[in-house]
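Here's the structure we're looking at; comments come further down.
Both backbone and side-chain heavy atoms feed into the values below; hydrogens, waters and symmetry mates do not. Just follow the structure's listing: the first ligand is 1, and inside any ligand the first atom is 1.
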Amino acid sequence: MLMSVSRPSPIAPTVDFDAKGVQHGHLRLPYSRDDSAWGSVMIPICVIANEEGPTALLTGANHGDEYEGPAALLELAQTLDPSQVSGRVIIVPALNYPAFRAGTRTSPIDRGNLNRSFPGRPDGTVTEKIADYVTRHLIPLADIVLDFHSGGKTLDFLPYAAAHELPDKDQEARCFEAVAAFSAPFSMKMLEIDAVGMLDTTVEEMGKTFVTTELGGAGTATARSIEIARKGSLNLLRHAGILKGEPDVRPTRWLDMRSDDCFTFAQDDGLIAFVRDLGDPVRSGETVAHVYPLGRTGIAPVEYRAVMDGVLAARHVPGLIKVGDCLSVIATITENI
Ligand SMILES: [Zn+2]
């Protein structure tokens, strides 16, 4: 690990991070392969800078099948007027670009899940090289980082922005203030199933202000979820002082993932028939979904019941489920963070 950290990144940016104005370019990652001997992965990047001020790093498609981030960030890169900017905005609409092009969560090159590959390695797989570049070259430039997620092809979420509980309470407060400024319909104190290797953890350990999201999913984006992402990005830039004006703050409901009990995992293969929809209140003991066996009639479905009071904050998609899949997340409604 120590040896790989001292090695330079193979990624070369075609943009100058110190230049003013608007630059549309690429992070060029050499990738030699059968159809392109000296070829590269070209990850689109936009840098918009003007005057003095903080730097925001905005990233989407850390998982390749999550579309609100790329949709909002491609628009922002095209429409953000540099004369309105005080500081710098670095936009990477599709961080795991090979996965984004393939429409898959992980990279088709190495099966790498970028958000389990941090801090990365300069001498590792393509996915690990992207993570390493972000860790050593992009995050250090930033004061505030927004990384867009949604449920991809196998989960659907209530639209929320989120931050994590952190050991540094001042930093935690900064992160939740930024979540409030993003102003999604829901705001979450988020618990991770497995935080090792995540961009989130890497950014937080560097002391930066960090906001993530889950804005829908099911392998697509809706007009509503894209609008939440678009407004949230602008609100965050206002909150950071990079754009003038106050964030356009809308009512939000604060949610909390209190413990591992909030996750339910399937113990059966079958057809999943939810009896609650996203946002519906659920009480402990109530049925959330039935899972029917697929092979014949006359067999009762397995009932999956809530183990806590709350609202259905995430659900499995599409209609068939396998043993081990995340079936649902139940979040607790809180008055305040
Ligand atoms: Zn994701």
Going by distance alone, is a donor N or O of one side chain under 3.5 Å from an acceptor N or O of the other, for [X] and [Y]?
| X | Y | answer |
| --- | --- | --- |
| Thr332 | Asp256 | no |
| His63 | Asn113 | yes |
| Ser187 | Thr252 | yes |

Original post:
Knowing that exactly one of His239, Gln171, Arg174 qualifies, which makes a side-chain hydrogen bond (donor to acceptor under 3.5 Å, both in side chains) with Thr209?
Top reply: Arg174
**OP:** Step through the shown structure and confirm whether more than 12 heavy atoms of other residues, nucleotides or ligands are within 6.0 Å of CZ on Arg224.
**Re:** no
Original post:
Taking atom CZ of Arg116 as the centre, does the number of heavy atoms from other residues, nucleotides or ligands within less than 6.0 Å exceed 12?
Top reply: yes
**OP:** Output, by chain and residue number, all protein N/O/S atoms separated from the Zn ion (ligand 1) by less than 2.8 Å.
**Re:** His63 ND1, Glu66 OE1, Glu66 OE2, His149 ND1
